[in-house]
> 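I'd like to ask you about the structure that follows.
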Amino acid sequence: MGTTTLWLRARSISSVGSDWRLCEPRIRKKGTSVSTRGRCCSSSPLTLILSSMPYDKELATAKKAATLAARLCQKVQKALLQSDVHSKSDKSPVTVADYGSQALVSFIIERELPSEPFSLVAEEDSGDLRKESGQDTLKRITELVNDTLASEGSNSFSTLTTDDVLTAIDNGKSEGGSVGRHWVLDPIDGTKGFVRGDQYAIALALLHEGKVVLGVLACPNLPLASIGCNQQHSSSNEVGCLFFAKVGDGAYMQALGGSTQTRVHVCDIDNPEEASFFESFEAAHSLHDLSSSIAEKLGVKAPPVRIDSQAKYGALSRGDGAIYLRFPHKGYREKIWDHAAGSIVVSEAGGIVMDAAGNPLDFSKGKFLDVVSGIIVTNQKLMPSLLRAVKEALNEKASSL
């Protein structure tokens, strides 16, 4: 039976149940080190069908693209120039690294996978760069992209022009959806963290028929050692992590630019009092007071770990913390590029990603995620109590208005 037939049969299944309630043992992959933590995973018919599709070449391409983009971003952050910082209509800073990262990822995917229809849903467009006032910035972006491609060392890349770079950036104008394949990119997730010199991530995922089938998180400033508040101090000061996952195949971490990969798992804490939680660094991005109320109801004693970007998903996937809470301010709509890559990394590490009402995230409806109130992430054991605490806290907040 061919892949297409299998996929159509999978789509005809009317109910696959709640994936996170199903558990099965995982097989140790040859040549990788495996955490001793327990692993619960999904095994719905849909997941089994998707996992029959290897996506090996796509994952290798995504890792290469994200790694090169991270290299460009590291160079810019190291010597951040005032002229590199712009302002979009939503007032969040945009850097030449943002544009350069998107151009690089777009170029690499299209070059490495020429036989695949290319659709990219991404955050940036080239509008400001095409204006007279953006020409100097465009030239700098083009130089950075070419320098980064040259550093790859294969000598197989021709020099890109400014028009090539503009085209690569604007490849990200796809709307996504439930049909076909769509790459989803946040070229720098956590731009404010990037400008501060803190955490950020290059977040790249692939959707197939509206489902996330692989994801890569390049986190240049995230230590390889745990950042959890309950962890013992590590003598290692190495930074730069690459997290990646493919549907049905587990989640892994390696040093950014390294080759030795380690399988990662979410923590197996079942007592909320022992849990620690992540939330957004910026109060403008999430309701910290609501998160505090939820933590109090759970009995969480540890203070929150506040960091920028989907680096939180990566850290949680390896057990640095137990819970991630995100409750945006009223009127904000979540974008798929802010969660696609991180969600599959955590899910394949044995965790659960849901909205505040307990619904799985739906990436099939275009650029936006329709979620109820917020997004919550934790392990299998803590999710029931977390959902109860979230419901109580939201009800109390609503009644106080």
Side-chain angles (χ1 to χ4, degrees), residues 29 32 50-51 53-74 100-124 145 148-149 152 154 157 168-169 171-172 174 176 180-189 200-220 222 240-259 261-264 309-311 313-314 317 336-349 363:
K29 298 281 286 185
T32 62
L50 288 173
S51 63
M53 302 176 183
Y55 303 110
D56 290 337
K57 188 172 183 180
E58 290 86 346
L59 180 59
T61 297
K63 290 172 65 179
K64 179 177 181 177
T67 299
L68 283 173
R71 192 178 299 169
L72 181 150
C73 293
Q74 286 173 303
S101 174
Q102 182 159 316
L104 261 178
V105 171
S106 171
F107 176 75
I108 292 295
I109 293 174
E110 195 167 25
R111 180 183 183 277
E112 297 288 318
L113 302 170
S115 63
E116 297 286 343
F118 183 48
S119 171
L120 176 65
V121 185
E123 186 170 15
E124 307 301 343
V145 170
T148 306
L149 289 173
E152 200 265 340
S154 67
F157 298 107
I169 292 170
N171 280 340
S174 172
R181 292 188 178 193
H182 306 281
W183 291 94
V184 179
L185 170 69
D186 195 332
I188 296 184
D189 184 37
Y200 66 99
I202 294 89
L204 179 62
L206 177 63
L207 303 183
H208 188 173
E209 306 296 330
K211 302 293 182 181
V212 185
V213 295
L214 67 83
V216 175
L217 292 174
C219 306
L222 189 68
C241 301
L242 186 72
F243 297 91
F244 54 96
K246 188 175 63 170
V247 64
D249 199 41
Y252 299 85
M253 181 189 76
Q254 65 188 54
L256 195 57
S259 58
Q261 61 188 42
T262 303
R263 190 161 189 170
V264 294
S309 83
Q310 290 179 69
Y313 277 108
S317 76
I336 60 173
W337 52 70
D338 287 325
H339 299 281
S343 66
I344 191 170
V345 168
V346 166
S347 297
E348 285 296 319
F363 293 93

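None of the values given here were measured: they were computed from a predicted structure.
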> Indicate yes or no: does Arg181 engage Glu58 in a salt bridge with an N to O separation below 4.0 Å.
yes
> Answer yes or no: is there a side-chain heavy-atom contact under 4.5 Å between Leu256 and Thr67?
yes
> Quick one: pull up CG in Leu242 and OH in Tyr252 and give me the separation to the nearest 0.5 Å.
13.5 Å
> Are any side-chain N or O atoms of Ser106 and backbone N or O atoms of Ala168, one a donor and one an acceptor, separated by less than 3.5 Å?
yes
> Just by modelled atom types, is the Gln102 backbone N or O under 3.5 Å from a matching donor or acceptor in the Glu124 side chain?
no
> Would a distance-only check, ignoring hydrogens and angles, find a side-chain to backbone donor-acceptor pair under 3.5 Å from Asp186 to Ala203?
no
> Are any of the side-chain heavy atoms of Phe244 and Leu217 separated by less than 4.5 Å?
no
> Going from CG on Leu149 to CZ on Arg111, what distance comes out if it is rounded to the nearest 0.5 angstrom?
8.5 Å
> Closest approach of Ser174 and Gly176, non-hydrogen atoms and distance?
OG-N, 3.2 Å
> Counting C-beta onward and ignoring hydrogens, is there a side-chain heavy-atom pair between Val121 and Trp337 closer than 4.5 Å?
yes
> With no hydrogens and no angle check, is any side-chain donor or acceptor of Gln310 less than 3.5 Å from a backbone partner on Asp338?
yes
> Indicate the atoms forming the closest heavy-atom contact of Lys57 with Glu112, along with that distance.
CE-O, 3.5 Å
> Are Phe157 and Phe107 close enough that some pair of their side-chain heavy atoms sits under 4.5 Å apart?
yes
> With heavy-atom distances below 4.5 Å as the criterion, would you say the side chains of Trp183 and Leu120 are in contact?
yes
> Under 3.5 Å, side chain of Ser317 to main-chain N/O of Val346, donor-acceptor pair present?
no
> Report yes or no: is the cationic atom of Lys246 (NZ for Lys, CZ for Arg) under 6.0 Å from the centre of the six-membered ring of Tyr55, at an angle within 45° of the ring normal?
no
> Quick one: CG on Leu113 to OG1 on Thr61, what's the gap to the nearest 0.5 Å?
4.0 Å
> Applying side chain to side chain contact (heavy atoms under 4.5 Å, CB included), run through Arg263 and Met253 and close with a yes or a no.
CA-CA 6 Å; Arg263 190 161 189 170; Met253 181 189 76; over 6 Å; no
> Measuring from Ile109:CD1 to Leu104:CG, what's the distance to the nearest 0.5 Å?
11.0 Å
> Hey, could you give me the OG/CZ distance between Ser343 and Phe363, rounded to the nearest 0.5 Å?
3.5 Å
> What is the distance from atom CG of Leu185 to atom CD1 of Ile202, rounded to the nearest 0.5 Å?
9.0 Å
> Tell me, do Pro187 and Val105 make a side-chain contact under 4.5 Å, heavy atoms counted?
no
> Any side-chain heavy-atom pair from Asn171 and Glu110 closer than 4.5 angstrom?
yes
> Under 3.5 Å, is there a donor-acceptor pair between the side chain of Ser347 and the main chain of Ile344?
no
> Could you tell me which non-hydrogen atom of Asp189 sits nearest to which non-hydrogen atom of Ser309, and how far apart they are?
O-CB, 2.9 Å
> Between Val213 and Leu207, is there a side-chain heavy-atom distance shorter than 4.5 Å?
no
> What are the two closest non-hydrogen atoms of Leu59 and Ala245, and how far apart are they?
CD1-O, 4.3 Å
> Hey, does the side chain of Gln254 reach the backbone of Gln261 with a donor-acceptor pair shorter than 3.5 angstrom?
no
> So, for Cys219 and Ala311, which heavy atoms are closest and what is the spacing to 0.1 Å?
SG-CA, 3.9 Å
> Kindly determine whether Leu68 and Ile108 satisfy side chain to side chain contact (heavy atoms under 4.5 Å, CB included), including the steps that lead there.
CA-CA 9 Å; Leu68 283 173; Ile108 292 295; 3.8 Å; yes
